[in-house]
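Residues take their numbers from the sequence shown, with the count starting at 1.
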Amino acid sequence: MSGAAETVLAAFFPERAAWLREQSEEAALSRLYGGIHFRSDNDDGLKHGRRIGERVVEHLKGRKSVTGDR
């Protein structure tokens with residue numbers, strides 16, 4: 001979730017992209033420290049989440065409005 005959210009939000013707020021990346025990595029790290037995930041889970045989760053975020057951004061670029069009007 002963190003990686004996808006980071007990517008989508010960075011598309012809307014590019015000036016905050018570095019901060020958003022730090023936040024998503026910190027969220028993943030907190031789950032490592034909490035014993036919820038392994039390091040590989042975090043790395044793969046962020047990677048796949050960012051890919052999903054890229055797909056969402058590409059989809060949104062194809063729309064003129066949130067309501068689906070083209």
Review point. Between R55 and E58, is the closest basic N to carboxylate O distance under 4.0 Å?
Key: no
Exercise for review: Using a strict 4.0 Å threshold on nitrogen-to-oxygen distance, state whether R50 and E54 make a salt bridge.
Suggested key: no
Closest non-hydrogen atom pair between [X] and [Y], with its separation:
X	Y	value
L46	G3	CD2-N, 3.9 Å
T7	G53	CG2-C, 3.6 Å
S2	A27	OG-CB, 3.5 Å
L32	F38	CD1-C, 3.8 Å
I52	A4	CG2-CB, 4.4 Å
V8	V56	CG2-CG1, 3.8 Å

Exercise for review: Flag yes if Y33 and I36 sit in one hydrophobic cluster, no otherwise; membership is Ile, Leu, Val, Met, Phe, Trp, Tyr, and two members link when side-chain heavy atoms are under 4.5 Å apart.
Suggested key: no
Check your understanding: If Ile, Leu, Val, Met, Phe, Trp and Tyr residues are connected whenever their side-chain heavy atoms lie under 4.5 Å apart, and connections chain through other members, are L60 and L9 in the same group?
Key -> yes
Point to revise | Check: R39 and L29 side chains under 4.5 Å, non-hydrogen atoms | key: yes
Practice item. Report yes if some heavy atom in the side chain of E22 is under 4.5 Å from a heavy atom in the side chain of E25; otherwise report no. Key: no
Check your understanding: Does a sphere of radius 6.0 Å around CD in E15 hold more than 12 heavy atoms from other residues, nucleotides or ligands, not counting ones at 6.0 Å or beyond?
Key -> yes
